[in-house]
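Below is one structure; the comments refer to it alone.
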2 protein chains.
Amino acid sequence: MRVRLEDVARKAGVSPKTVSRVLNDEANVTDATRERVRAAMEAMDYRPNPSARSLAGHRSFVIAMLYDNNDNPASTYLAEVQDGVLEACDAHRYSMMLRPLRMRDSDFIRRVDALIADHHPDGVVLTPPITDYAPLLKRLRELGVPYASVSPARRGKILGVAMDEQQAARAMVEHLIEQGHRRIAHVIGIANHGASRWRLAGYREAIAAAGLSEDPAWVVQGAFTFASGVEAARQLFALRKRPTAVFAANDDMATGVMWAAGEYGLKVPRDVSVCGFDDTPLSRQLWPALTTIQQPSREMGKIAAEQLLTHLRGQGSGRLVDIPFSLQVRGSTGVAPKDT
Amino acid sequence: MRVRLEDVARKAGVSPKTVSRVLNDEANVTDATRERVRAAMEAMDYRPNPSARSLAGHRSFVIAMLYDNNDNPASTYLAEVQDGVLEACDAHRYSMMLRPLRMRDSDFIRRVDALIADHHPDGVVLTPPITDYAPLLKRLRELGVPYASVSPARRGKILGVAMDEQQAARAMVEHLIEQGHRRIAHVIGIANHGASRWRLAGYREAIAAAGLSEDPAWVVQGAFTFASGVEAARQLFALRKRPTAVFAANDDMATGVMWAAGEYGLKVPRDVSVCGFDDTPLSRQLWPALTTIQQPSREMGKIAAEQLLTHLRGQGSGRLVDIPFSLQVRGSTGVAPKDT
DNA sequence: ATGAAAGCGCTAACAT
DNA sequence: ATGTTAGCGCTTTCAT
């Protein structure tokens with residue numbers, strides 16, 4: 001039969017409750033007994049039964065990761081975040097469960113309610129773009145379910161992790177300006193996503209700071225997809241006054257821009273510089289490789305989950321961790337062409 | 001407080017055990033009582049407590065999805081399979097948990113043991129390439145943990161889902177032959193993956209059936225990545241006797257081949273036809289769009305999980321479901337160039 | 001076809 | 001600092 005907590009207690013010569021205390025890192029156990037109990041657990045390869053723990057302790061040791069599978073960021077982004085969350089959960093002996101949602105659906109909140117009622121996660125991790133869906137946040141607070149966010153649009157007294165995307169976007173555009181570019185275009189991501197707004201704001205900030213005029217024709221709406229990048233770039237390259245550099249709000253769109261450059265017979269970076277945002281695996285596989293902003297998605301998922309777990313353990317209350325960006329300059333950007 | 005099974009029993013005027021029987025679809029309940037109990041559950045919005053069910057019933061209502069995150073297929077593939085598994089689990093009120101593994105690591109089996117000991121999944125879903133890792137299958141049988149496989153290399157008395165990839169690859173190459181191609185190259189996937197072997201075998205079968213000779217120089221090793229596709233294509237396009245068509249073992253490599261074609265000034269499909277396998281989202285975003293084999297990954301994940309769940313419920317024992325492939329002819333393949 | 005009693009493995013609340 | 005008791009919400013086993 002399986003080893004139970006009671007068996008460990010007998011072996012260590014203590015009561016079950018003491019073993020329970022050790023298991024849960026509670027106070028009021030002398031170091032000596034703690035050690036003895038730990039040794040017994042180790043020796044017997046004791047594995048606590050999560051169902052029994054949940055039932056008696058009113059906690060599930062489960063955290064749920066919520067994401068939008070309708071219009072989400074690139075699926076590779078979510079996979080990486082998920083990987084990080086999973087790693088943090090494993091380290092703390094929690095389980096992770098996934099909950100795809102559709103922000104647009106009318107039963108969004110009902111689906112969340114069902115998740116809580118059915119599985120009682122001890123907390124949830126929110127990913128963009130649902131990090132900022134007010135009705136969700138409100139409901140979670142009503143239900144008393146703690147949450148941590150990855151890249152929330154609003155900061156404040158929130159658990160989670162964020163990068164200064166606006167600053168990063170600005171740095172990206174400043175890099176282009178340093179290379180002599182004056183006609184710099186931007187391809188926007190899905191409207192209303194925090195990411196889209198910040199990256200656009202950073203672009204504008206850099207343009208303004210350099211005293212360049214912002215030509216409306218050089219700011220084109222995209223949708224975070226390769227195809228939308230191609231479309232956007234076709235508009236840009238058809239202009240009489242063609243931009244010499246294009247900053248796309250993510251790598252997939254930037255890849256589309258490079259593709260379109262090929263269609264127009266433009267060499268990257270000789271005729272046009274292209275850069276993106278995210279540092280997806282694809283960005284390194286292209287030739288020339290894409291200049292982009294590294295966003296450590298996996299790490300961010302891990303940190304968000306860790307903040308949540310810290311909060312759950314009541315050890316300090318957790319916080320919004322700021323993570324630095326890093327500009328990856330690669331072959332797709334270069335000095336501006338002499339003239340036109 | 002929460003509604004418990006006992007509350008439902010009282011409301012329906014039966015014993016707790018009867019409610020339990022209804023909950024678990026057990027026999028020995030008259031239709032009338034069953035209906036009455038169901039109505040009470042509905043009216044009270046009863047949600048069984050999974051921990052209590054697990055503890056008393058010795059089942060976890062959890063199934064684990066195992067995957068290799070070392071050299072796995074494209075991450076979008078796994079995300080889709082995962083999505084399907086999740087859907088099936090939800091429908092049956094099971095939870096899904098994820099378990100990334102590294103097939104090469106020495107503690108592979110220990111990690112599996114830990115998963116079972118810590119979480120007691122009622123069953124596991126295996127994804128390529130670990131569907132065919134013999135030590136794993138052996139251990140799972142020893143532990144008495146049922147499993148279902150997505151695209152296992154070996155058929156036989158196995159639960160899961162599979163597509164005839166060899167047949168699909170053959171159909172792909174036959175399509176090229178019909179277009180007049182005679183010099184057809186193949187870029188192989190990661191060695192030893194079932195997928196790589198089948199696709200190569202299908203290629204050879206078609207070549208042989210058409211009475212064409214197989215030139216060793218036209219069969220190049222790749223690794224399922226975009227970059228490996230670029231590399232492989234460079235070798236092919238540098239040949240004096242250049243192939244007029246390239247069949248890559250997946251879409252990522254095919255995309256690499258198209259990229260390399262651009263480098264060599266070759267127009268697709270005028271100068272060279274390119275095709276892939278998987279029908280990833282990317283394949284439709286390219287221009288020209290990629291001719292490929294549609295593999296319904298999401299559906300396959302769902303079916304595998306359903307087979308497993310059917311088996312767990314003891315309703316029929318589940319089987320290996322064969323799923324049809326479909327050839328997606330798009331712009332990247334066309335008639336062979338006149339000559340060279 | 002239905003029910004009563006016992007207990008799954010752990011922790012909360014209250015001793016000591 | 002440690003132990004005792006009761007019980008978490010369900011299913012099992014065994015009656016009836």
Side-chain angles (χ1 to χ4, degrees), chain A residues 1-38 40-41 44-62 93-95 117-120 122 312-314, chain B residues 1-38 40-41 44-62 93-95 117-120 122 312-314:
Chain A
M1 210 29 210
R2 258 192 86 186
V3 179
R4 292 157 311 156
L5 181 140
E6 190 192 335
D7 304 322
V8 175
R10 201 171 310 122
K11 170 134 181 172
V14 296
S15 78
K17 178 65 215 185
T18 298
V19 178
S20 171
R21 285 194 179 94
V22 173
L23 186 62
N24 295 293
D25 284 322
E26 284 172 24
N28 294 331
V29 185
T30 55
D31 288 352
T33 24
R34 199 181 290 277
E35 239 355 280
R36 199 146 36 89
V37 171
R38 288 237 168 87
M41 285 177 168
M44 307 177 84
D45 192 26
Y46 169 63
R47 311 288 186 135
N49 180 317
S51 303
R53 293 231 282 169
S54 304
L55 183 57
H58 304 283
R59 33 212 287 253
S60 60
F61 299 97
V62 166
R93 300 197 149 233
Y94 269 67
S95 306
D118 286 338
H119 300 282
H120 299 282
D122 292 338
L312 292 178
R313 287 193 166 192
Chain B
M1 211 28 209
R2 256 192 86 186
V3 179
R4 290 155 310 155
L5 183 141
E6 191 192 333
D7 304 322
V8 175
R10 198 170 312 121
K11 170 135 181 171
V14 296
S15 77
K17 177 64 218 186
T18 298
V19 178
S20 171
R21 279 197 261 262
V22 173
L23 188 61
N24 295 292
D25 285 322
E26 284 173 25
N28 293 330
V29 184
T30 56
D31 286 352
T33 357
R34 197 179 292 276
E35 240 353 281
R36 199 147 34 88
V37 171
R38 288 235 167 89
M41 286 177 167
M44 307 179 81
D45 191 26
Y46 170 62
R47 312 288 186 135
N49 180 318
S51 303
R53 294 231 283 169
S54 304
L55 183 56
H58 304 284
R59 30 211 292 254
S60 60
F61 299 96
V62 165
R93 302 197 148 229
Y94 270 66
S95 307
D118 286 339
H119 300 282
H120 300 281
D122 292 338
L312 292 178
R313 287 194 168 193

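Chain letters run A, B, ... following the sequence lines, proteins first, then strands; residues in each count from 1. We use all heavy atoms of the structure for the numbers below, so side chains are in, but hydrogens, waters and symmetry mates are not.
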Q | Whole-Å distance separating the CG atom of Asp25(A) from the P atom of dA1(D) | A | 16 Å
Q) Can you tell me how far P of dC8(D) sits from CG of Leu55(A), to the nearest Å? A) 9 Å
Q | Heavy-atom side-chain contact between Arg59(A) and Leu312(A) under 4.5 Å | A | no
Q) At under 4.0 Å, does any side-chain N or O of Ser15(A) touch on OP1 or OP2 of dT4(D)? A) no
Q. Which part of the nucleic acid, if any, lies within reach of Ser54(B) when heavy atoms closer than 4.0 Å are counted: base, sugar-phosphate only, or nothing?
A. nothing
Q. Distance check: side-chain N/O of Ser51(B) vs OP1/OP2 of dC8(D), anything under 4.0 Å?
A. no
(Q) Give me each pair satisfying salt bridge (Lys or Arg N to Asp or Glu O under 4.0 Å) with a member in residues 5-19 of chain A, each pair once, sequence neighbours excluded. (A) Arg4(A)-Glu6(A), Arg4(A)-Asp7(A), Glu6(A)-Arg10(A), Asp7(A)-Arg10(A)
Q) To the nearest Å, how far apart are Asp31(B) CG and dT2(C) P? A) 10 Å
Q | Qualifying residues under salt bridge (charged side-chain N to carboxylate O under 4.0 Å, His left out), relative to Arg47(A), sequence neighbours excluded | A | Asp45(A), Asp118(B)
Q: Encode nucleotides 10-16 of chain D as B, S and - characters from 5' to 3', where the letter depends on protein heavy atoms closer than 4.0 Å: B to the base, S only to sugar-phosphate, - to neither.
A: BSBB---
Q) Under 3.5 Å, is there a donor-acceptor pair between the side chain of Ser20(B) and the main chain of Pro16(B)? A) no
Q. Using a cut-off of less than 4.0 Å, is there contact between a side-chain N or O of Thr18(B) and OP1 or OP2 of dG3(C)?
A. yes
**Q.** Side-chain touch Leu23(A)/Met41(A), heavy atoms, less than 4.5 angstrom
**A.** yes
Q: Starting at OG1 of Thr33(B), measure out to CZ of Arg38(B) and round the result to the nearest 0.5 Å.
A: 11.0 Å
